[in-house]
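Inspection log for the structure reproduced underneath, given as structure tokens.
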Amino acid sequence: MEPVINENRINVIDLMRGFALMGLPFVNVLAFWSSNINLSGTQEDIWVQRFLYLFVEGRFYAIFSFLFGLGIWIFLSRAKEKNDRPYTLFIRRMLILGLVGAIHNLINPGEALLLYAILGMLVVFFDKVPKQINLILGIAGVIIGSFFGAKLLLPVPLMLLGLAFGQYRVFQSYIKRRKTWMIVAVLSFVVTSILVAFLWKKAPVDGLVNYMEGVELTEAQVLSNRAFYDFANLSLTFAPIFSVFYVSCLVLLEPLVKKLLSPLNAFGRMAFTNYIGQSVILVIIAMFIPGETIVSYSVATIVCSLVVVVQIISSSLWLRFFKYGPIEWLWRCGTYWKWLPIRK
């Protein structure tokens, strides 16, 4: 079985993957530093917390789930051209992903890789389902899952939606459909702007105060927390609309400023390595945070921003000399069960 050569990468997909990866540490840090992170008491910190739940939480994982489904179609369509057993390769690919996810789960409980590997085994059967049905199932599933605010119900329909976009070959001809993407961007911008104004006012003034061991919350803080949970759940309901706006903007920007966005593209090409790397970095930093120290949302956000910047720079430098990220390369070797060249 010959390996699939990705000579004709669709740059905008790597760009979207890189953009989605940018948002993950800002959410994951809340779990990694859960015993330390809390509001500092300043208005700015409350705004940062609100910003994260409004523009980040649920938005980037939605894009990742969509891209995972799209990636299933891309892998299978190319594997079918080069190999006689594409589904064998895919199953092996998911088993390796699941193994890495299980190991990653030791430092990042609730991480996505193991879940994606399991769901990938399910979604692959829809590769032979007509694209119209996959599109309908995907859209209906996203609407239903969002309406009930069930984050765990969203990955499968989002993956089906990504699979359907692959079957329709949407991103192979995205430049020709620029007018359509422009309409989507404008409409999603209008709706997103309305939602931002509505949700920002819906958020409680005092924000969410995390429980700290040995510190009892006041009645006012308890009430504020309840209001914040309602705000967060409502915000999550509208997350796919934000994701549509983000994706449509990236699709429109990519042909115009391709060189400027190339570092983000490289970041996306090494998404597997960088995703694991983010967890390792944040866990190591957490080891040096004293138990009684409160880390504000502002400080956590600055740290995550620095992590992303360092990874973007290192990814760009790495891909000057190598074809794949280190974990991507091992994943590829395991999929085809042979050592493949990594140096350019």
Is it true that [X] and [Y] fall in one hydrophobic cluster, defined by side-chain heavy atoms closer than 4.5 Å?
X	Y	value
I144	L154	no
I302	I37	no
V156	F147	no
M121	L113	yes

Taking the side chain as every heavy atom from C-beta outward, state whether [X] and [Y] have any pair of such atoms under 4.5 Å apart.
X	Y	value
K344	F321	no
E57	S235	no
F55	V196	yes
S248	M182	no
Q132	Y168	yes
F64	L21	yes
F66	V142	no
F165	L135	yes

Angle class for the F75/Y336 ring planes (parallel below 30°, perpendicular above 60°, tilted otherwise)?
tilted

Could you label the plane-to-plane angle of the H104 and Y275 rings as parallel, tilted or perpendicular, counting under 30° as parallel and over 60° as perpendicular?
perpendicular

Which residues satisfy the ring-ring contact (aromatic ring centres under 6.0 Å, His included) test with [X], sequence neighbours excluded?
X	value
F189	F245
Y116	F68
F231	F228

Return yes when atom CD of E292 has more than 12 non-hydrogen atoms of other residues, nucleotides or ligands closer than 6.0 Å, and no otherwise.
no

Neighbour count above 12 (heavy atom, 6.0 Å) for L152 CG
no

Hey, are [Y] and [X] close enough side-chain-wise for a donor-acceptor pair under 3.5 Å?
X	Y	value
S40	T42	yes
T293	N36	no
Y297	N210	yes

Pair W329-W339, side chain to side chain contact (heavy atoms under 4.5 Å, CB included): steps then yes or no:
CA-CA 9 Å; W329 174 66; W339 289 108; 3.3 Å; yes

Pairs in or reaching into residues 101-128: which pass salt bridge (charged side-chain N to carboxylate O under 4.0 Å, His left out), with residues at least two apart or in two chains?
K80-D127

So which pairs with a foot in residues 262-273 pass side chain to side chain donor-acceptor pair (under 3.5 Å), sequence neighbours left out?
T273-E328

Scan residues 20-31 for pairs that pass side chain to side chain donor-acceptor pair (under 3.5 Å), counting only residues two or more places apart or in two chains.
N28-Y61

D45 and L39: which non-hydrogen atoms are nearest, and at how many Å?
OD2-CA, 3.3 Å

